[in-house]
Amino acid sequence: MQETDEATGSDGPGSDKFSVRDARPEDRDAIISMSLRLAQETEGKPLDVDVLSAGVSRALADPDRLRFWVAERSGHVIGQTAITREWSDWRNGWIWWLQSVYVAIDARGQGVFRRLYEHVHERGRAQPDVIGLRLYVEQDNTRAKKTYEALGMEPGGYHVYEELWRERFHHA
């Protein structure tokens, strides 16, 4: 699934341009840092850094597991998103789930997530067996909900239930 792609975006007059590209192994620390902030800001959850580090490393080594894209300005990662894939037998196609959506605080409101989303959207639309995008959002994150709705997404009518086996979270 790995392909090289890059897009340039601008957030308007007087702003610095940024690019969107496939994440690379050297983005690992930035992705880990943003993921830690994401969990804390959206859910008030501290993550186990060793587990997160191992997970990010595995994703960067195998983008079929979890594929990251980053927004970069002046050599610094300012935003990220990733996708996992779900096969829908009902619809005979892949649904891409947006994950790990984060934009650095000082880059918010500048079109960074919009460009990340458009980039992923374009990549999905270019593959005939990808039938749509989904994401889950923390139920009280009204700002995120408004952002996603402004991009044309709508609530899917589902609630997410889970049973996580924390004793199986791997550090290595």
Review point. Could you walk me through whether I78 and V103 pass the side chain to side chain contact (heavy atoms under 4.5 Å, CB included) check?
Key: CA-CA 6 Å; I78 58 171; V103 174; 5.8 Å; no
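- One hydrophobic cluster holds both I131 and W97 under the rule that ILVMFWY side chains link at heavy-atom gaps under 4.5 Å.
- Considering only heavy atoms from C-beta on, H121 comes within 4.5 Å of L133 through its side chain.
- When side chains are defined from C-beta on, F169 does not count as touching D48, because their heavy atoms never get closer than 4.5 Å.
- A distance of 10.0 Å separates CE of M34 from CD1 of I105, quoted to the nearest 0.5 Å.
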Point to revise | Residues V49, L36; criterion side chain to side chain contact (heavy atoms under 4.5 Å, CB included); working and verdict | key: CA-CA 8 Å; V49 176; L36 288 168; 4.1 Å; yes
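- The aromatic rings of W69 and W96 sit tilted, their planes meeting at an angle between 30° and 60°.
- Between the CZ atom in F68 and the CG atom in L116 there is a gap of 12.0 Å [rounded to 0.5 Å].
- Heavy atoms of other residues, nucleotides or ligands lying less than 6.0 angstrom from CD of E26 number more than 12.
- Listed here is the closest heavy atom pair of V112 and G79: CG1-CA, 4.3 Å.
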Donor-acceptor pairs under 3.5 angstrom involving side-chain atoms of residues 134-141: please list them, not counting sequence neighbours.
unit_1: E138; atom_1: OE1; unit_2: D140; atom_2: N; d: 3.0
unit_1: E138; atom_1: OE1; unit_2: N141; atom_2: N; d: 3.4
unit_1: N141; atom_1: OD1; unit_2: A144; atom_2: N; d: 3.1

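- Residue V130 is grouped with residue L151 when hydrophobic side chains (ILVMFWY) are merged at heavy-atom distances under 4.5 angstrom, including chains of intermediate members.
- Considering only heavy atoms from C-beta on, I83 stays 4.5 Å or farther from L66 through its side chain.
- Ion pairing between a basic and an acidic side chain is recognised when a charged N comes within 4.0 Å of a carboxylate O; K146 and E149 show no such pairing.
- Scanning both residues, F18 and A71, for their nearest heavy atoms gives CD1-CB, 4.3 Å.
- Salt-bridge annotation for E122 and R115: present, with a side-chain N of the basic residue lying under 4.0 Å from a carboxylate O of the acidic one.
- Between V120 and L98 there is a side-chain heavy-atom pair separated by less than 4.5 Å.
- Proximity of a side-chain donor or acceptor of T81 to a complementary backbone N or O of Q99 within less than 3.5 Å is detected.
- Contact detail for R73 and A107: the closest heavy-atom pair is NH1-CB, 4.5 Å.
- For the pair V101 and L38, the minimum side-chain heavy-atom distance is 4.5 Å or more.
- Residue L47 holds its CG atom at 10.0 Å from OG of S53, rounded to the nearest 0.5 Å.
- The stretch residues 156-166 participates, sequence neighbours left out, in these side chain to side chain donor-acceptor pair (under 3.5 Å) pairs: E163-W165.
- Residue pairs satisfying the side chain to side chain donor-acceptor pair (under 3.5 Å) criterion with at least one member in residues 27-43, sequence neighbours excluded, are listed as follows: R21-D27, R28-S57, S33-R37, S35-Q80, E41-Y102, E41-R108, E43-K45.
- Note that R85 lies in the cation-pi zone of W94, set by a 6.0 Å cut-off to the ring centre and a 45° limit from the axis.
- You'll find the side chain of M153 reaches within 4.5 Å of the side chain of Y117, heavy atoms only.
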